[in-house]
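Numbering starts at 1 and runs along the sequence shown. Excluded from the calculations below are hydrogen atoms, water molecules and symmetry mates; all remaining heavy atoms, backbone and side chain alike, are included. Computed from a predicted structure; not experimentally measured.
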Amino acid sequence: MRENDRVTSATRASATQAAAVPPRLIATDLDGTLLRDDKSVSPRTVAALTAAEEAGIEVFFVTGRPARWMDVVSAHVHGHGLAICGNGAAVVDLHGGPGAHRFVKVRELARQNALEAVQLLRDAAPGTVVAVEQTYGFFQEPAYPKLHMELPDRLAPAEDLLAPDGPCAGEPVLKILAYHPDLDPDDFLDVGRLAIGTRASVTRSSPSALLEISGHGVSKASTLALCCAERGISPEEVVAFGDMPNDVEMLTWAGRSYAMGNAHPAVVAAASGRTVANNDDGVAVVIERMLAERF
């Protein structure tokens with residue numbers, strides 16, 4: 001890959017064929033992808049997203065973030081105003097602005113599955129501590145470290161948090177966050193997937209040993225596929241961007257996909273092309289090139 005304003009061409013056959021199909025939707029991860037490391041959206045990236053929308057290409061933000069952390073891009077939504085949050089656990093309408101988002105679709109993690117997943121993970125990796133992410137609430141065990149942007153609504157053991165009459169009752173569980181203080185992040189991911197099996201989907205996006213556990217079959221890719229099917233958009237008409245293991249399924253599903261210059265090796269292997277790093281506006285580089293070739 002050349003530096004700065006150059007990207008590689010697609011290397012797999014399906015992406016080569018997809019390159020001949022005009023794009024109708026851009027699906028981009030946020031942290032480590034669209035956002036710079038300081039969590040800002042650069043002026044160049046804002047201009048590229050606006051140009052894509054003006055050209056009739058929908059833009060979907062597809063992130064592991066909860067809906068309440070979408071303020072960073074809520075000013076940049078156009079058209080439909082939808083975002084896929086929680087690694088596919090929710091589709092959210094951001095038109096209302098910060099604090100006024102509306103859940104359009106929720107794909108929850110069943111409480112019994114969540115509890116079984118936690119128990120199995122603790123058996124396989126003693127020392128694991130967890131937090132519970134809901135549509136509006138965030139709860140954690142007392143030993144769970146301060147990893148996030150907010151204080152928890154309640155501190156309690158996972159068994160109490162996930163009980164039918166516990167403090168989490170009344171709202172869907174979107175995902176479980178499981179942290180281990182000592183394991184390598186990729187090793188913890190392997191352990192988690194093997195231990196939990198088909199009870200839930202397990203992935204990660206953090207540089208630390210932090211797993212994200214969602215309902216079985218729930219991923220960025222599966223929810224994006226649902227949204228595209230509702231719009232009559234095929235995978236070949238989708239261009240996707242990502243940098244971490246929770247993006248792998250989406251990058252594999254999309255007709256064209258790009259790993260950021262700062263991407264995890266698994267993402268590089270899954271994507272059909274590469275672009276420069278998030279701090280160098282890698283998403284904008286591809287969009288600008290794509291629009292220049294189209295018109």
Would you say the side-chain atoms of [X] and [Y] include a donor-acceptor pair closer than 3.5 Å?
X: Asp37; Y: Asn278; result: yes
X: Ser201; Y: Arg193; result: no
X: Glu212; Y: Thr203; result: no

Are any of the side-chain nitrogens in Arg122 or Glu159 under 4.0 Å away from the carboxylate oxygens of its partner?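 Glu159 and Arg122: salt-bridged.
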Is any side-chain heavy atom of [Y] closer than 4.5 Å to one of [X]?
X: Phe60; Y: Leu82; answer: yes
X: Leu189; Y: Val202; answer: yes
X: Tyr144; Y: Leu177; answer: yes
X: His264; Y: Asp186; answer: yes
X: Arg36; Y: Ser42; answer: yes

Taking Arg44 as the fixed residue, which of Asp281, Val283, Ile287 is the one that meets the side-chain contact (heavy atoms from CB on, under 4.5 Å) rule?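 Filter result, single survivor: Asp281.
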How long is the straight-line distance from CG of Leu162 back to CG of Leu115, given to the nearest 0.5 Å?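 One finds 5.5 Å between CG of Leu115 and CG of Leu162.
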Could you state the interatomic distance from CG (Leu109) to CD (Glu133), rounded to the nearest 0.5 Å?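 Between atom CG of Leu109 and atom CD of Glu133 there are 12.0 Å.
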Pair Lys105-Glu230, salt bridge (charged side-chain N to carboxylate O under 4.0 Å, His left out): steps then yes or no: CA-CA 12 Å; Lys105 187 188 302 290; Glu230 291 170 355; 3.3 Å; yes
Check the pair Glu249, Lys220 against salt bridge (charged side-chain N to carboxylate O under 4.0 Å, His left out), reporting the backbone distance first and the verdict last. CA-CA 7 Å; Glu249 293 93 339; Lys220 290 184 176 185; over 6 Å; no
